[in-house]
Amino acid sequence: MEFKIWILTESGQSIKYFNQITQLKPMIEKEYEAQEVEEKWVKLWKDEMFYFDWNSKKPHYIIDTPPPYPTGSFHIGNTLNWCYIDFIARYKRMKGYEVMFPQGWDCHGLPTEVKVEEIHGISKNDVPREEFRRLCVEFTKKNIERMKRTMRRLGFSIDWSKEYITMYPEYYRKTQISFVRMFNKGLIYRGYHPVVFCPRCQTTIALAEIEYKKGKTKLNYIRFGDGEDSVIIATTRPELIPACVAIAVHPDDERYRHLIGKKVKVPTTDYEVEIIADEDVDPEFGTGIVMICTFGDKQDVKWWKKHNLQLRAVLGKDGRLNELAGKYKGLTTREAREKILEDLAREGRLIKQEEIDQNVGVCWRCKTPVEIIVEDQWFVKVDKENILEAARKIKWVPEHMFSRLESWIEGMEWDWVISRQRIFATPIPVWYCKKCGEIIVAKEEWLPVDPTKDMPKEPCPKCGGTEFEGETDVLDTWMDSSITPLAITGWPDDWKKDDYPTSLRPQGHDIIRTWAFYTILRSLALVGEIPWKEIVINGMVLGEDGRKMSKSLGNIVEPHEVIEKYGADALRQWAASGVVGDDVAFSWKEIIAASRFQQKFWSILRFTLLHVKEKPDESAMELLRDADRWILSKLMKLVREVDEHMENYRFAEALKAIRSFTWYEYADNYLEIVKNRLYSGSDDEKKPALFVLYTVMNVLTRLLAPFTPFLAEECWQRLHERIGEKVESVHLQSYPVADERFIDEEAEKRGELIKEIVSAVRRFKHDRGMALNAPLRRIMIYAPIEVDTRDIAGALNAEVELLKEMPTIELRVKAIKPKFNILGPMFKDKVKAIVKAINGLSDEEKLKFVESDSIEVKVGEEKIELKREWFDIEIEKVVGGEGVEVLETENAVIIVEP
RNA sequence: GGGCCCGUGGUCUAGGGGUUAUGACGCCGCCCUCACGAGGCGGAGGUCGAGGGUUCGAGUCCCUCCGGGCCCA
């Protein structure tokens, strides 16, 4: 490989953080090949670049990264979330922090179980629990690998040595410890709770597993009680009358207010229930009187909890009514419905029936309507006040996201149910004594444990029994993921207390009520502290049509499609384009614009490398011209601005500022202005321009590094390779700091004037149909400040003369524009009249006003003195000259001899 | 039904009391300028969702309505 050797001698490339020598070509290509460059750096960058070191003396910055659910594809919504994290991580790292950007995987859960059943054509109960779990683990591993590839391709600066996987014993041991500790603190208990149940599949199912099917049903009007105090209720579930525990009306319903508090007998039974008031009752539905049963639907559960009603669990797991239903015992719901309606009709209690539309919850699998039954479940106590108070101590970005959590907490009606009747999840480390029924919770040192195959290491403490029944219920997945900030800080074995709370939680607003809420709850319960100092919330990614991405709408875009067409950096720039917290619509236009910027930046690099051949030394500083000082001053202000935006997570603003400086100030103006000097100037003339070229490229690549890590690295390396300097990755450099020596307001004014003059003359050439580099005979400039004309001459291809005095040009006041922000508060409603008076002045009066600094006008009967500085004055210059064109800009008069 | 957010040229968007409303894409015209034609220069295009209110002055603040989005019932 001769080529490689040449590179070695030419540039001495030997960068400790790269896996191999970079193959830089001596000539820079015209086109930026994002694919090629990005794939090269994915291979060259070493993971160690981003390893976090607990012993580092730098301030620590720890990110509680979301562990995604390993579905197998890292989607565009994840991309947005992770881009934000990576912008922050890279920025903080360059700002001198020791950054931890760990990565976890939230493995457990129903979708994987379903997928595994599908792939293997089995039901989870067809194989031993352990075998089923093994299949899930295997499937999940593959998915994780696929997602990791996408994440690496997107250039995320993840510390892969800090990877955690919740389905592995090392992690779920922590989950189990957290369970045990909270149980021992009395924060976890076992109790009755309604659950959704499929009578055909004989299993409880999660709310997420319910499908809703539109259908028709009959609304039955049924009379409860007799005589004066009888009421007519409307129900679609007459078979649940034996489960009726109350009757409810709306508190403001005039028709029924007198009934509140009274009791009424429930038909088909021998007991009475109370008539209560509740605002959730819809007076428009049916008769406006509703019966509450345990349980017809979720609303019943809500009422049951709220009003602390008794429980009449008439429905058994077999889907039949039990002894509480009296003579209807043993009937299925359908049979019971017919029989009860028959009986009620005979008694004259069935007043009428009408057909209505109804959404029935059905089992996603067998489409059988689901029922709500009551079962023993495990709960975590929810201390609403405590959690709210803690959540207020966290900085929410954007702030209004806190109110989502707040309203959620305030509306919470019951504790967190953490038990699931599933398999692929963290086992609940509990047994029941077969002899006395005592609950035996595992000791910490026994963990991790699977109570369905492991047994307690001690006899029952209550009765000494040695036979146990292992808990088959498992934990809600949120029990795994709500301890992530603890897990990444080494809890419980080697907990870095001093690094807690962690610095940042970045996550989507869709899981504020779950992940954010549960994490705060658990952190308080386990260590008594908030989990993070700040939480940055990202929005959802919508399709190009502004609707949520979904298969049925066909508006899904996958990251790999974008990467293949435009590369990861372009996708990352798109991710930066929105406001943090807002939903962001995907946009190919934005991607294309981003990739054009990359090409523009590449062209600038190409131009830079054409001229810059060695590292400019400081002696260039003394030779700087106005144009040079101007762009350097602007550059430093850009650095300040970008830094401020980054500190406040305003990525769009930061990137926009970089892009517009690069393109519209630097490329379109500065480079055009210095071109002539670079091509045909003397060494002393070139020197300062080269200094600028080098400095700007050096600063811009670092500013861009968090956003476009690949492009930035490539340009950074090419620039240094060109000047023969060994450098480490741009991602290990410090973020630019504004060099105050270059901030120079006067130079900026002169630079702006140069820019103004150059573009005015270019516009003039354009209007005349001349080529922009066509020669002009002579240009004379009159301007309020003195300016270096040499670059103007070069840029315009003309001789330039600076006039000391305004040539025979007459002045005329073109416009007097009132500054309303000054006049408004001073003269209130008289402003309009004043403006009218000013506009009514003659040309001479106006000129006199401008020259004398004040004028007196009459408004009605009143005389008002007006100051010049209360107005913006526009002065027009009138020239009598011949054979010249006069161009007037804001700050200069340009006389062109074509 | 509840909570939160958002309606600005054709499309997307900046701006959160001050005159003439930002930029991008698209559109129209001109220029093959030695880094870039996926470029440069110039231009047309908006009664800021509707109605009311506060104010000397309202995309901007308040109220109502209409439309959209997300989350939760």
Side-chain angles (χ1 to χ4, degrees), chain A residues 28-32 207 279-280 282 297-299 302 398-408 410-413 508-514 537 539-548 566 577-579 581-611 650 652-653 656 659-660 663-664 667-669 671-672 675-676 678-680 693 759 761-774 795 797 815 817-835 871-872 874:
Chain A
I28 173 166
E29 316 75 42
K30 204 168 184 176
E31 284 189 18
Y32 179 64
L207 291 179
E279 291 184 343
D280 281 352
D282 179 2
D297 56 22
K298 276 185 278 177
Q299 182 61 49
K302 208 171 149 186
E399 236 172 294
H400 71 256
M401 289 297 177
F402 172 69
S403 61
R404 291 206 179 185
L405 184 81
E406 196 176 27
S407 61
W408 168 250
E410 281 166 358
M412 282 192 80
E413 274 149 11
H509 65 57
D510 53 335
I511 49 173
I512 290 175
R513 295 162 150 96
T514 46
I537 302 292
M540 301 293 108
V541 177
L542 310 174
E544 280 209 281
D545 54 1
R547 304 190 63 98
K548 194 184 180 180
Y566 298 96
S577 71
V579 175
D582 278 11
D583 290 347
V584 192
F586 180 78
S587 158
W588 283 108
K589 276 184 197 166
E590 193 61 47
I591 301 282
I592 292 165
S595 103
R596 286 197 184 144
F597 170 72
Q598 290 170 196
Q599 176 59 45
K600 187 75 186 181
F601 198 82
W602 187 249
S603 298
I604 294 168
L605 175 73
R606 196 160 184 256
F607 181 79
T608 304
L609 300 190
L610 210 60
H611 300 283
R650 291 189 300 255
E653 299 282 308
K656 206 166 88 181
R659 275 164 56 161
S660 90
W663 206 316
Y664 305 114
D668 286 352
N669 292 298
L671 293 184
E672 291 304 326
K675 239 178 210 176
N676 186 267
L678 284 168
Y679 282 111
S680 49
L693 257 51
S759 46
V761 177
R762 287 171 119 201
R763 198 175 311 131
F764 163 81
K765 287 181 174 178
H766 168 263
D767 291 345
R768 283 290 193 90
M770 299 164 77
L772 294 185
N773 60 352
N797 199 4
K817 292 178 175 174
K819 291 179 181 169
F820 288 102
N821 55 338
I822 295 172
L823 293 174
M826 251 182 206
F827 299 107
K828 311 274 177 186
D829 54 342
K830 279 177 241 157
V831 170
K832 273 183 187 140
I834 291 171
V835 173
F871 298 85
D872 283 322
E874 261 183 43

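Because only heavy atoms are used, hydrogens play no part in the values below, and waters and symmetry mates are left out as well, while side chains stay in. Letters A, B, ... are given to chains in the order of the sequence lines, protein chains preceding strands, and every chain is numbered from 1.
- The A/Lys600 side chain lies nearest to B/G40 when the options are B/A24, B/C70, B/G40.
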Please tabulate, one pair per line, each protein N/O and nucleotide N/O from nucleotides 55-60 of chain B that are separated by under 3.5 Å, including the distance.
from: B/C56; atom 1: O4'; to: A/Asp829; atom 2: N; distance (Å): 3.4

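- Under the Watson-Crick or G-U wobble criterion, with both distances below 3.5 Å, B/G39 is paired with B/C31.
- Minimum atom distance to the side chain of A/Trp663 is reached by B/G40, of the listed B/G37, B/G40, B/A14.
- Ranked by how close their nearest RNA chain B nucleotide is to the 5' end, A/Ser407 and A/Ala585 are led by A/Ser407.
- When both distances must be under 3.5 Å, the Watson-Crick or G-U wobble mate of B/G17 does not exist.
- The closest donor-acceptor contact from the side chain of A/Asn676 to the backbone of A/Ala795 lies at 3.5 Å or more, if one exists at all.
- Each of B/A24, B/C36, B/A38 was ranked by its minimum atom distance to the side chain of A/Ser595; first place goes to B/A38.
- Put simply, the side chain of A/Trp588 never gets that close to the backbone of A/Glu544: no donor and acceptor are under 3.5 Å apart.
- Between B/C56 and B/G45, the distance separating the two P atoms is 34 Å to the nearest Å.
- Within the 4.0 Å cut-off from OP1 or OP2 of B/U22, not a single side-chain nitrogen or oxygen of A/Tyr664 is found.
- Contact of A/Arg606 with B/C36 (side chain to base): no donor-acceptor pair of N or O atoms is detected under 3.5 Å.
- The separation of B/U54 from B/G16, taken at their P atoms, amounts to 24 Å, rounded to a whole angstrom.
- Between B/A44 and B/G29, the distance separating the two P atoms is 15 Å to the nearest Å.
- Residue A/Val579 has its side chain nearest to B/A14 when only B/G10, B/A14, B/C36 are considered.
- Along RNA chain B, the nucleotide nearest A/Met401 and the nucleotide nearest A/Asp668 are compared for position; the residue whose nucleotide lies closer to the 5' end is A/Met401.
- Using the Watson-Crick or G-U wobble rule with both distances under 3.5 Å, B/C4 pairs with B/G69.
- Listed by chain and residue number, nothing satisfies the side-chain contact (heavy atoms from CB on, under 4.5 Å) test with A/Glu399 (two or more places apart in sequence, or in another chain).
- Residue A/Ser403 has its side chain nearest to B/C4 when only B/C36, B/C4, B/G15 are considered.
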